[in-house]
Amino acid sequence: MTMSKKVQSKGKKHKFTFTFTIKDKKNKKKVKGANVKLEYKQGNKTTPVSKVTNNGGKAKIIFTVKTKKGSVTLSSSGIDAPVGYAYDKDLNEKYSDDCPAFSENCASYVFD
């Protein structure tokens, strides 16, 4: 899995757009139908979000938060892979650190 991020600030709100690409590690084909599940937390509120990958193996997850409520913590609830595929979080690409995104040592990310 690879992850990219885009943030747009509009007054008192931040709009986060995360794009995930799911590929089979053996044959490098993009995986259609994988359900990417995340949670974002701001303050005491945790909100689940999910999206199924398209024919190109991409899932775009978009959410908006209020800036006055502080930072946002993003974590993965997992990926449900279609039949014939197995998801291993330790094979994810590195995001902004030295370990695979959402693996045990990089389970969440904080965005201000």
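Residue numbers run from 1 in the order of the sequence given. Quick caveat, the model's predicted, so the values are computed rather than measured. Atom set for the values below is all heavy atoms of this structure, side chains included, hydrogens, waters and symmetry mates excluded.
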If you group Ile, Leu, Val, Met, Phe, Trp and Tyr by side-chain heavy-atom gaps below 4.5 Å, do V7 and I61 land in one group? yes
Say whether F111 and F102 are linked into one hydrophobic cluster, either directly or through other cluster members, by side-chain heavy-atom distances under 4.5 angstrom. yes
If you take the centroid of each ring, where Trp contributes its six-membered ring, are F18 and Y40 closer together than 6.0 Å? no
Pairwise distance [atom1]([X]) to [atom2]([Y]) - rounded to 0.5 angstrom:
X: K69; Y: N44; atom1: NZ; atom2: CG; answer: 10.0 Å
X: L74; Y: E39; atom1: CG; atom2: CD; answer: 9.5 Å
X: Y109; Y: S75; atom1: OH; atom2: OG; answer: 11.0 Å
X: S76; Y: L38; atom1: OG; atom2: CG; answer: 5.5 Å
X: T17; Y: K5; atom1: OG1; atom2: NZ; answer: 10.5 Å
X: K37; Y: S50; atom1: NZ; atom2: OG; answer: 8.0 Å

Would you please test F63 and T47 for side chain to side chain contact (heavy atoms under 4.5 Å, CB included) and show each step? CA-CA 10 Å; F63 59 90; T47 305; over 6 Å; no
Over all atoms of both residues, closest heavy-atom pair of [X] and [Y]:
X: K58; Y: T21; value: NZ-OG1, 3.1 Å
X: P100; Y: C106; value: O-CB, 3.7 Å
X: A101; Y: M1; value: CB-CE, 4.2 Å
X: I79; Y: A34; value: CG2-CB, 4.0 Å

Answer yes or no: is there a donor N or O on one side and an acceptor on the other, between the side chain of [X] and the main chain of [Y], under 3.5 Å?
X: S103; Y: K89; result: no
X: D24; Y: K28; result: no
X: T64; Y: K15; result: no
X: S108; Y: T73; result: no
X: Q42; Y: K66; result: yes
X: S71; Y: V110; result: no

Is it the case that atom [atom1] in [X] sees more than 12 heavy atoms from other parts of the structure closer than 6.0 Å?
X: K41; atom1: NZ; result: no
X: D90; atom1: CG; result: yes
X: K25; atom1: NZ; result: yes

Just by distance, with hydrogens left out, do [X] and [Y] show a side-chain donor and acceptor under 3.5 Å apart?
X: H14; Y: S9; result: yes
X: Y87; Y: N92; result: yes
X: T53; Y: K32; result: no

Show your working on side chain to side chain contact (heavy atoms under 4.5 Å, CB included) between T19 and K60 and close with a plain yes or no. CA-CA 4 Å; T19 303; K60 187 178 285 190; 3.8 Å; yes
